Amino acid sequence: AEQLATTRLLAGAPDPERWAAMLGASKLAELRERVDLELTARNPACIPGDAPVVLEVDVKNAAQLVVKTFRIDAVAYFLARGAEVDTTIDLDGMVASDEQVLHSELPAIRRERRRIELPGCARPGTYVIELIGNGKSSRALIRKGGLRHSLRIGAAGPTLRVLDEHGAALDDARVWLGGREYAPREDGGISIPFSTAPTRTRMLLVHGEVAQLEALDHPNEHYHFSAGLHLERESLVPGTTARIVLRPQLHLAGWLAPIALVDDPRVELSITERNGTTSTKTQALVLRDDAEAVVELRLPEEAAEIAVAVRGKVRVASTQSDI
């Protein structure tokens, strides 16, 4: 009953004396003096860069409501604190880029839902809105315009491409990572060197006046080499030539890499005869990404076991070593 009476009085329902009697004098006075500045759940989480910004707020007992708009340099904040702007930012000493004063003539016990237009948020960027009324304040953080990224791993390291909120590539965007700014190449891709200590780290995507914090799984330069081998059992006839089909693959940080990065590729063929004698032959190999390599093997009459190994070298640029 108490919650019902409170709700009815806040909404300005008919017969207020009835609902006031249900609350009692002390709780009625407490409710009348209460100040509300509450952002509603209907405020959008993301606002497109070209959309007008309207803040929806439930206001009570604030005859005069001051609305201040602060435009925040998200890049400077990130470089200073390594974090994204939030509503705990210290606004002391900052001058509001826009300020408006709204008035209400409703009784102190009434609560109203107000839609506050924010002309000071016309441009894309990051804003903090401070609402001040009757000794109480409330803040809203607004990010107008959004960024995201795509990632691929190349021989030189991760390559990022910054996208706008609609998924279109932004060829003039840049990235801040580890206190350093990375600019785009001519094709719009942003090259980042491999990490020596792979970790999940934070980076700031920046395009024009829009900045957004994203996470990057920053890998180190590790390679994995494997080879699929196929040898038809029916071709293993002593005194004849068998054909071995090879399909090597090279992975860099978990991503498929060009097989041309493998230097000095070769195949090692070992044949063990029934008397225990083993002969080994190594020959050069031509590897391609779009075709298998074929190696011919002459089988002696007493062949008992065949072993095939594919080998090569890869240059690790981050450590200046060969593996």
Side-chain angles (χ1 to χ4, degrees), residues 78-79 82-84 147-163 167 169-171 173-206 212-231 244-270 280-295 307-323:
F78 176 78
L79 294 178
E84 201 168 26
L147 300 173
R148 48 197 175 102
H149 73 280
S150 63
L151 171 70
R152 65 177 177 84
I153 303 295
T159 296
L160 300 175
R161 186 170 289 274
V162 180
L163 313 172
L170 302 170
D171 293 340
R174 61 193 193 277
V175 171
W176 281 93
L177 176 66
R180 178 181 171 186
E181 184 182 34
Y182 293 89
R185 305 184 306 243
E186 289 186 1
D187 63 354
I190 301 173
S191 296
I192 296 175
F194 284 107
S195 172
T196 55
T199 184
R200 187 171 180 84
T201 186
R202 290 182 292 184
M203 62 180 176
L204 191 71
L205 310 179
V206 182
Q212 185 161 331
L213 192 67
E214 293 270 280
L216 172 68
D217 290 318
H218 200 176
N220 64 346
E221 190 179 5
H222 67 275
Y223 288 90
H224 177 70
F225 184 59
S226 62
L229 309 176
H230 180 70
L231 176 59
I244 304 173
V245 179
L246 310 173
R247 187 61 183 264
Q249 281 190 335
L250 182 68
H251 285 84
L252 171 57
W255 290 63
L256 195 63
I259 202 67
L261 293 176
V262 178
D263 293 328
D264 191 23
R266 59 196 183 279
V267 61
E268 184 180 281
L269 306 172
S270 297
T280 301
K281 174 186 176 183
T282 301
Q283 65 185 65
L285 197 60
V286 177
L287 302 180
R288 294 172 54 187
D289 287 308
D290 58 350
E292 291 78 16
V294 178
V295 178
V308 183
V310 181
R311 307 185 187 281
K313 294 189 300 182
V314 174
R315 184 68 173 175
V316 181
S318 58
T319 60
Q320 291 298 300
S321 61
D322 291 329
I323 58 173

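Every value quoted in this text rests on a predicted model; they were computed, and no experiment measured them.
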Validation row: Val308, Val295 side chains within 4.5 angstrom (heavy atoms): no
Under the side chain to side chain contact (heavy atoms under 4.5 Å, CB included) test, residues paired with Val245 that sit two or more places apart: His230, Glu292
Tyr223 side chain reached by Leu261 side chain, heavy atoms, under 4.5 Å: yes
Donor-acceptor contact present, side-chain Gln212 to main-chain Leu205, <3.5 Å: no
Pairs touching residues 213-230 that satisfy salt bridge (Lys or Arg N to Asp or Glu O under 4.0 Å), sequence neighbours left out: Arg200-Asp217
Leu246/Val267 under side chain to side chain contact (heavy atoms under 4.5 Å, CB included): CA gap, chis, key distance, verdict: CA-CA 9 Å; Leu246 310 173; Val267 61; 4.1 Å; yes
All side-chain hydrogen bond (donor to acceptor under 3.5 Å, both in side chains) counterparts of Thr159, not counting sequence neighbours: none
Any Val175 side-chain heavy atom under 4.5 Å of Val162 side chain: yes
side-chain hydrogen bond (donor to acceptor under 3.5 Å, both in side chains) involving Ser191 - partner list, sequence neighbours excluded: Arg185
Check against side chain to side chain contact (heavy atoms under 4.5 Å, CB included), Leu147 and Val206: CA-CA 8 Å; Leu147 300 173; Val206 182; 5.6 Å; no
Any residue meeting side chain to side chain contact (heavy atoms under 4.5 Å, CB included) with Leu256, in chain and number order, not counting sequence neighbours: Gln249, His251
Partners meeting side chain to side chain contact (heavy atoms under 4.5 Å, CB included) with Pro158 (sequence neighbours left out): Leu151, Ile153, Phe194, His218, Pro219
Point-to-point distance, once rounded to the nearest 0.5 Å, from CG of Leu250 to CG of Leu287: 10.0 Å
Backbone N/O of Ala197 and side chain of Ser195: donor-acceptor pair under 3.5 Å: yes
Salt bridge (charged side-chain N to carboxylate O under 4.0 Å, His left out) against Asp263, all qualifying residues, sequence neighbours excluded: none
Spacing of Asp322 atom CG and Lys313 atom NZ [to the nearest 0.5 Å]: 5.5 Å
Residue pair Thr319 / Ser321, side-chain donor-acceptor N/O under 3.5 Å: yes
Residues which pass side chain to side chain contact (heavy atoms under 4.5 Å, CB included) with Ala307, listed by chain and number, not counting sequence neighbours: Ser270
Salt bridge (charged side-chain N to carboxylate O under 4.0 Å, His left out) against Arg148, all qualifying residues, sequence neighbours excluded: none
Any donor-acceptor N/O pair, Arg152 side chain to Ser150 backbone, under 3.5 Å: no
Any side-chain heavy-atom pair of Val310 and Leu285 under 4.5 Å: yes
Reported CG-to-OH distance for the pair Leu177 and Tyr182, which is rounded to 0.5 angstrom: 5.5 Å
pair Ile259-Phe225: side-chain heavy atoms closer than 4.5 Å: yes
Residue list, side-chain hydrogen bond (donor to acceptor under 3.5 Å, both in side chains) with His222, at least two apart or on another chain: Asn220
Partners passing side-chain hydrogen bond (donor to acceptor under 3.5 Å, both in side chains) against Glu186 (at least two apart in sequence or in another chain): none
Min side-chain heavy-atom separation Asp264-Arg266 under 4.5 Å: yes
Value rounded to 0.5 Å, distance of CE in Met203 from CD1 in Ile190: 9.0 Å
Residue pair Ile244 / Val294, side-chain heavy-atom distance below 4.5 Å: no
Salt-bridge contact Asp171-Arg161 (side-chain N to carboxylate O under 4.0 Å): yes
Partner set under salt bridge (charged side-chain N to carboxylate O under 4.0 Å, His left out) for Asp289, not counting sequence neighbours: none
